[in-house]
Amino acid sequence: MPLVVQKFGGSSVADVEKIKNVARKGIREKKEGNDVIVVVSAMGKTTDQLIAMAHRITNDPNPREMDMLMSTGEQVSIAMLAIAFHSMGEKAISFTGPQVGIITDSTHRKARIKSINTEKIHKALREGNIVIVAGFQGISTENDITTLGRGGSDTTAVALAAALNADVCDIYTDVDGVYTTDPRIVPKARKLEKITYDEMLELASLGAKVLHSRSVELAKNYNVVIQVRSSFDDNPGTLVVKEDKSMEDIVVSGVAYNRNETKISIIGVPDHPGVASEIFSKIADAHIVVDMIIQNVGGDGKNDISFTVGKEDFVQTLKISKQLCEELGANEVRSDDKIAKVSVVGVGMKTHCGVAAKMFRALANAGINIDMISTSEIKISCVIRSDDLDKAVQAIHDELELEAHPS
Ligand code: ADP
Ligand code: ASP
Ligand code: MG
């Protein structure tokens with residue numbers, strides 16, 4: 001029997017009526033002759049509310065206890081969905097991540113799935129159930145509950161689809177596909193019929209939260225075709241697939257943004273071998289991921305080193321940087337938490353030039369200053385003032401002519 005994995009995000013299960021809508025979609029797949037696994041996120045903004053509640057006690061809560069707290073959100077949704085299925089006369093059973101043996105490493109709040117024990121799911125399917133699994137959570141080898149990082153329910157769904165060799169992996173959300181940019185910022189953004197794993201991975205890593213980046217990485221490694229589609233209509237969505245010939249002509253597939261960046265600069269760092277290594281080793285030892293790095297050579301035997309980290313790591317990175325400044329005999333540390341990053345992504349950039357020039361021109365014409373630039377084979381990113389972000393996304397999208405063409 002074909003196996004379908006369906007995943008529904010927070011806004012798709014935000015209230016009882018929406019949960020009933022999800023149950024109807026599950027039953028429809030089952031009636032078409034499929035085995036069905038449904039992965040759900042916490043209802044609406046539950047995860048945000050749980051985090052805010054902990055932060056009312058301290059701004060540095062223990063990560064193990066945060067996972068214990070956050071995982072409760074998904075447990076509510078799975079039980080509610082099972083109850084909805086039962087009320088419609090359908091056999092269904094819900095499981096938490098630990099119950100179905102989603103084993104992760106022990107990095108609380110950003111754990112990675114190591115293995116999935118599929119026995120329990122197979123048994124429940126054989127018994128005729130629709131199987132409901134809590135997204136975003138697992139259990140570490142030390143037997144502690146873990147979570148997979150914000151947006152991680154997508155990763156639960158793709159990991160299950162890979163482990164069970166599913167025929168379909170549909171990610172249902174509040175937009176009907178992947179667009180050339182966030183349609184909430186640019187209403188004329190164009191829906192993509194398909195997008196390659198590599199482009200989607202870049203877009204997701206650069207902030208497009210429509211898919212969790214780890215889910216795309218897993219899909220690519222295990223050849224899972226993902227379809228991103230709407231919970232609220234039956235339109236075909238966007239397929240995330242391997243690159244094929246027809247996709248080479250598309251130079252730019254999308255514009256992504258990230259409001260979660262902050263910048264730290266260590267000014268007047270003595271210019272000798274090993275200094276950068278010392279700075280970034282100390283930061284890595286604290287499990288902090290550094291994004292962009294820029295070094296300006298001062299000419300007086302001193303350099304300025306600037307880098308960006310996520311907002312959640314800002315306070316700790318600043319503390320480490322101030323210590324390093326003293327140890328290295330640098331002049332001072334400057335910081336800026338009012339920045340944002342805007343990026344252009346496209347596999348066609350490997351063979352077409354001029355995209356960077358267009359992106360910079362769009363920003364210049366909109367009067368937006370570029371603070372930092374970084375590039376790779378298929379992306380260009382600029383750090384700008386966070387207040388300018390919406391205007392920047394719109395201007396770049398216009399300049400690259402990515403909008404929907406009237407048909
Ligand atoms: P869910 O709760 O279903 O997981 P998310 O909020 O995590 O949903 O992701 C869906 C959101 O992603 C959309 O509402 C949209 O605002 C945002 N988004 C950002 N970039 C894009 C893009 N390129 N295409 C579609 N949606 C995007
Ligand atoms: N509920 C979790 C979050 O809000 C996981 C998810 O929605 O994918 O991040
Ligand atoms: Mg999401």
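All ligand and atom numbering here is 1-based and tracks the order in the structure.
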Short N/O distance, under 3.5 Å, between Ser41 and ligand 2?
yes
For the atom pair CD1 (Ile93) and CD (Gln99), what is the distance rounded to the nearest 0.5 Å?
8.0 Å
Between the CD1 atom in Ile373 and the CD1 atom in Ile380, the distance rounded to the nearest 0.5 Å is 9.0 Å
For Ile37 and Val4: C-alpha separation, side-chain torsions, deciding distance, then whether side-chain contact (heavy atoms from CB on, under 4.5 Å) applies.
CA-CA 6 Å; Ile37 297 176; Val4 173; over 6 Å; no
A student checking ligand 2 against Thr47 at a 4.0 Å heavy-atom cut-off should list atoms 1 (N), 2 (C), 3 (C), 4 (O)
Exactly one of Ile145, Thr147, Thr146 should register a side chain to side chain contact (heavy atoms under 4.5 Å, CB included) with His108. Which one does?
Thr146
Any N or O of Gly151 closer than 3.5 Å to N or O of ligand 2:
yes
Which part of Met70 is near ligand 2, with near meaning a heavy atom under 4.0 Å away: side chain, backbone, both or neither?
neither
First locate atom CD of Glu90, then atom CD1 of Ile27, and finally report the distance between them rounded to the nearest 0.5 Å.
5.0 Å
May I ask you to identify the nearest protein heavy atom to atom 25 (C) of ligand 1, giving residue, atom name and distance to one decimal place in Å?
Gly177 O, 3.4 Å
Run the side-chain contact (heavy atoms from CB on, under 4.5 Å) test on Ile305 and Ile279 for me, step by step, so that the C-alpha distance in whole Å, both residues' side-chain angles and the decisive distance to 0.1 Å come before the verdict.
CA-CA 10 Å; Ile305 296 181; Ile279 294 175; 3.9 Å; yes
Sole residue of Asp182, Thr181, Thr180 in side-chain hydrogen bond (donor to acceptor under 3.5 Å, both in side chains) with His397
Thr180
Are Lys7 and Asp154 close enough for a salt bridge, meaning some N to O gap below 4.0 Å?
yes
To the nearest 0.5 Å, tell me how far Ser12 OG sits from Lys18 NZ.
8.0 Å
Out of Val210, Val255, Thr181, whose heavy atom is nearest to atom 12 (O) of ligand 1?
Val210
Rounded to the nearest 0.5 Å, how far does NZ of Lys379 lie from OG1 of Thr375?
7.5 Å
Which atoms of ligand 1 have any heavy atom of Val178 under 4.0 Å away?
24 (N)
Any non-hydrogen side-chain atom of Thr46 less than 4.5 Å from a side-chain atom of Glu74?
no
Is it the case that ligand 1 has an N or O less than 3.5 angstrom from some N or O of Ser12?
no
Just go through Gly149, Ser153, Ala157, Ser215 and tell me whose heavy atom is the nearest to atom 6 (C) of ligand 2.
Ser153
Can you classify the ring geometry of Phe280 versus Phe307 as parallel (below 30°), tilted (30 to 60°) or perpendicular (above 60°)?
perpendicular
Heavy-atom gap Pro183 to ligand 1 smaller than 4.0 Å
yes
Please work out whether any backbone atom (N, CA, C, O) or any side-chain heavy atom from C-beta onward of Ser41 is under 4.0 Å from ligand 1, and answer side chain, backbone, both or neither.
neither
With a heavy-atom distance limit of 4.0 Å, tell me whether Lys209 approaches ligand 1 through its side chain, its backbone, both, or neither.
both
To the closest 0.5 Å, what do you measure between CZ (Arg214) and CD1 (Ile113)?
7.5 Å
Give the atoms of ligand 1, by number and element, whose distance to some non-hydrogen atom of Ala208 is under 4.0 Å.
20 (N)
Just jot down the ligand 1 atoms closer than 4.0 angstrom to any heavy atom of Gly10, in number order.
2 (O)
Check each heavy atom of Val175 against ligand 1 and say whether those closer than 4.0 Å belong to the side chain, the backbone, both or neither.
side chain
Please say whether Asp182 places an N or O atom under 3.5 Å from an N or O atom belonging to ligand 1.
yes
Judging by distance only, is a nitrogen or oxygen of Asp174 under 3.5 angstrom from one on ligand 1?
yes
Heavy-atom pair with the smallest gap, counting every atom of Lys341 and Leu389
O-CD1, 4.1 Å
Below 4.0 Å, non-hydrogen atoms only: which portion of Thr180 touches ligand 1? Side chain, backbone, both or neither.
neither
Applying a strict 4.0 Å limit to heavy atoms, is Gly135 in contact with ligand 2?
no
Residue Arg150 vicinity, atoms of ligand 2 by number, heavy atom under 4.0 Å:
3 (C), 4 (O), 9 (O)
Heavy-atom pairs closer than 4.0 Å: do any link ligand 1 to the side chain of Lys7, the backbone, both, or neither?
side chain
Quick one: look up the protein heavy atom nearest atom 3 (O) of ligand 1 and list residue, atom name and how far away it is.
Thr173 OG1, 2.6 Å
Nearest-neighbour protein heavy atom for atom 23 (N) of ligand 1, which is reported as residue plus atom name and distance:
Tyr179 O, 3.0 Å
